[in-house]
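All values below come from the heavy atoms of this structure, side chains included, with hydrogens, waters and symmetry mates left out. Lettering of chains follows the sequences in order, A, B, ..., and the numbering in each one begins at 1.
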Amino acid sequence: MKAASASGERPRDDSAAPNFIADIVDEDLRTGKNGGRLQTRFPPEPNGYLHVGHAKAICLNFGIAEKAPGGLCNLRMDDTNPLAEEAHFVEAIQEDVRWLGFDWGDRLFFASDYFERLYECAVTLVKKGLAYVDSQTPEQIRENRGNYYKAGVDSPFRDRSVEENLALLEKMRRGELKEGEAVLRAKIDMAHKNLNFRDPLIYRIRHAAHHRTGDAWCIYPMYDFAHPLSDAFEGVTHSLCTLEFENHRPLYEWFLEHVGGFDPVPRQIEFARLNLTYTVLSKRKLQLLVNEKHVAGWDDPRMPTIAGMRRRGYLPESIRAFCERIGVAKRDNQVDVALLEHKLREDLNAHCPRMMAVLRPLKVVIENYPEGEVEYFEAQNHPEYPERGTRKIPFSRELYIEQDDFMENPPKKFFRLSPGQEVRLRSACLITCREVVKNDAGEVVELRCTWDPDSRGGSPKDGRKVKGTLHWVSAAHAVRAEVRLYDRLFNAEDPEGDEDKHFLEHLNPSSLEVLSECYVEPTLAEASVGERFQFERLGYFVVDPDSAPGRPVFNRTIGLRDSWAKVAAKA
RNA sequence: UCCGGUGUCGUCUAAAGGUAGGACAAGGGACUUUGAAUCCCUGAAUCAUGGUUCGAAUCCAUGCGCCGGAACCA
């Protein structure tokens with residue numbers, strides 16, 4: 001079976017993982033719950049960039065919505081905290097979700113769009129005697145909440161009259177109270193085992209400008225209040241979130257029930273967030289990497305952010321395939337980053353045209369090739385898809401090969417160049433190493449070789465077997481390029497895993513290596529930003545936005561699998 | 001000392017009382033004008049102890065481990 005179609009689209013993974021949420025949704029659809037309606041939402045807070053963990057949630061929410069005809073997934077910015085959120089994150093989030101391949105149609109929503117409605121819901125609760133304005137200090141509130149083992153104690157303001165509460169809430173809204181002077185709380189049970197039920201806060205005062213509503217409000221709703229209601233306003237049927245909200249679900253349901261009047265009533269279902277080996281996926285820590293300049297920015301190609309992965313050269317379909325492959329469950333997990341890399345290589349292999357590039361050049365002079373002469377060999381653009389055509393690559397007396405492809409004293413099983421050895425130059429011909437030229441320091445600076453003119457195209461006339469094949473470029477024709485070799489950002493499998501070691505101590509000091517004197521075949525001179533290639537025998541590379549005309553910059557997305565490295569390491 | 005959740009190959013994840021399967025990783029081999037890709041093969045798991053049952057990963061009981069929870073964050 002072919003791994004991919006001729007068009008280079010990623011292979012359909014028919015073993016697409018079932019998951020417990022899909023099962024629940026299927027069952028709801030089967031029994032006609034919600035009148036057959038199906039609606040989800042992806043609700044990021046615009047206080048940072050999306051990362052691959054969010055991609056899991058995005059794929060889940062948009063994927064689930066496709067289970068029913070007419071199923072929808074909204075994009076909703078959960079912007080209820082003006083201190084944390086910024087408009088430019090809103091833009092970045094949309095770009096990332098779109099790039100991943102998802103479409104929310106005209107349903108981009110903001111929790112802040114609902115501020116007036118949410119306020120009315122709060123008034124409803126007050127009128128029902130289910131919410132009150134508490135004038136304790138933040139410290140008192142915290143103190144009186146109790147702890148895991150000890151019940152909380154009622155606020156002295158808990159039994160204010162409805163009228164008084166209404167008046168006070170109005171004062172809060174009008175800005176007549178200072179921050180911390182009062183909050184609106186639900187009146188539930190200060191002794192509840194679930195601490196979320198100990199009179200949770202509904203509104204707090206923030207005399208701060210909001211990125212969308214400006215100064216229109218100085219009270220802002222809390223997540224536990226705003227989220228279920230926003231879901232209900234939009235007609236969300238299944239509200240999917242991560243495990244840390246499990247303890248909040250009863251409260252989610254409480255607000256919906258007591259505000260009342262919603263149909264459908266959304267149901268919250270929790271799943272385990274993604275953890276990846278050698279990776280950090282907490283917004284706070286990613287922020288730290290950016291702020292302390294351990295990376296160049298949110299879109300640094302080493303970052304697990306969607307923006308970083310995009311710049312690194314990831315294909316969105318690889319990320320989607322990965323998310324499908326890892327499944328959705330409730331147990332904690334730490335997925336091997338190798339699985340992500342596998343999905344990446346799978347798509348890149350099918351997608352990328354082959355090219356030749358020499359990263360660490362070693363000069364080769366073909367002694368029996370006339371000076372000044374040039375001939376062109378035809379190279380396939382993709383060995384698995386001949387229909388993608390060929391290109392001409394120039395060959396001349398002076399070439400560059402990779403330094404790693406020569407060893408003066410090779411170990412056994414080294415199939416590359418060494419004195420007296422014959423190798424094939426990819427798509428070109430056979431050459432034999434005749435002489436090694438060294439500098440005063442004893443370093444190999446040049447190889448004198450001869451070629452077999454009867455091996456044009458790469459196959460010798462006499463049919464002799466040649467095991468090694470090297471990539472190369474013609475010195476006179478090659479284009480100089482900068483290549484950035486990226487490796488994993490952390491060299492510990494679980495960088496957040498030790499208690500005695502800060503995650504920054506696990507930073508990989510060689511996560512970026514910049515090579516400024518690389519030579520790529522002439523075809524690559526016109527490559528445009530974002531174009532991806534396989535540099536044969538090296539890996540997959542993408543043209544970085546830092547490229548200038550005539551001076552391309554390539555990012556290594558990921559190397560090819562390298563079984564020789566394993567053999568060599570063992571020896 | 002509390003509440004909630006969760007324990008299946010090294011890692012993810014299936015198996016809704018009936019052969020513990022797949023993918024990645026690992027190891028071996030075939031093929032090869034990329035030591036790539038592809039193909040074939042191998043090893044590898046039900047937290048523990050009891051119970052119910054013809055039959056238990058699945059049901060029950062007890063124990064243990066791990067994760068989350070006491071922001072005017074989400």
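- Both A:Leu83 and A:Lys56 sit near RNA chain B, but only A:Lys56 has its closest nucleotide nearer the 5' end.
- Shown here are the salt bridge (Lys or Arg N to Asp or Glu O under 4.0 Å) partners of A:Arg284, two or more places apart in sequence or in another chain: there are none.
- Using a 4.0 Å heavy-atom criterion, one finds that A:Lys150 contacts no nucleic acid atom at all.
- Using a 4.0 Å heavy-atom criterion, one finds that A:Leu243 contacts no nucleic acid atom at all.
- Remark: A:Cys218 pairs with A:His207 by the side-chain contact (heavy atoms from CB on, under 4.5 Å) rule, at least two apart or across chains.
- Residue A:Arg561 has its side chain nearest to B:A26 when only B:U32, B:G68, B:A26 are considered.
- With a 3.5 Å limit on both pairing distances and Watson-Crick or G-U wobble geometry required, the stems of 3 or more pairs in RNA chain B span B:2-7 with B:64-69, B:10-13 with B:21-24, B:26-30 with B:38-42, B:47-51 with B:59-63.
- With B:A70, B:C72, B:U34 as the candidates, the nucleotide lying closest to the side chain of A:Ile141 is B:C72.
- Partners of A:Tyr519 under the ring-ring contact (aromatic ring centres under 6.0 Å, His included) rule, at least two apart in sequence or in another chain, are A:Tyr400.
- Residues from residues 189-206 of chain A that place a heavy atom under 4.0 Å from any atom of RNA chain B, listed by number: A:Lys193, A:Leu195, A:Leu201, A:Arg204, A:Arg206.
- Phosphate proximity of B:G27 to A:Lys566: present, with a side-chain N or O under 4.0 Å from OP1 or OP2.
- Residue-level contact check: A:Pro383 touches the bases, meaning some heavy atom is under 4.0 Å from a base atom.
- Residue ring and nucleobase are stacked for A:Tyr149 and B:U1, with a centre distance beneath 5.5 angstrom and an angle between planes beneath 30°.
- Enclosure of atom CD in A:Glu86 by more than 12 non-hydrogen atoms of other residues, nucleotides or ligands within 6.0 angstrom is indicated.
- The base of B:A74 lies close enough to the side chain of A:His248 for a donor and an acceptor atom to sit less than 3.5 Å apart.
- Across all strands shown, A:Glu143 has no heavy atoms under 4.0 Å from either base or sugar-phosphate atoms.
- Between B:U13 and A:Arg331, a contact under 4.0 Å exists linking OP1 or OP2 to a side-chain N or O.
- In the set B:G35, B:A23, B:A37, the nucleotide with an atom closest to the side chain of A:Leu339 is B:A23.
- Distances shorter than 4.0 Å separate some side-chain N or O of A:His342 from OP1 or OP2 on B:C24.
- Within 4.0 Å of A:Arg145, counting heavy atoms only, lie sugar-phosphate atoms of the nucleic acid but no base atom.
- Close to B:A74, at under 4.0 Å from its OP1 or OP2, lies a side-chain N or O of A:Thr80.
- Side chain A:Arg325 to base B:U13: no donor-acceptor pair is found below 3.5 Å.
- Put simply, A:Tyr223 does not rest on the base of B:A74: the two rings are not both less than 5.5 Å apart at their centres and under 30° in tilt.
- Residues from residues 174-182 of chain A lying near RNA chain B, meaning a heavy-atom separation below 4.0 Å, are A:Gly180 in numerical order.
- Taking only distance into account, the side chain of A:Glu384 never meets the base of B:U38 through a donor-acceptor pair shorter than 3.5 Å.
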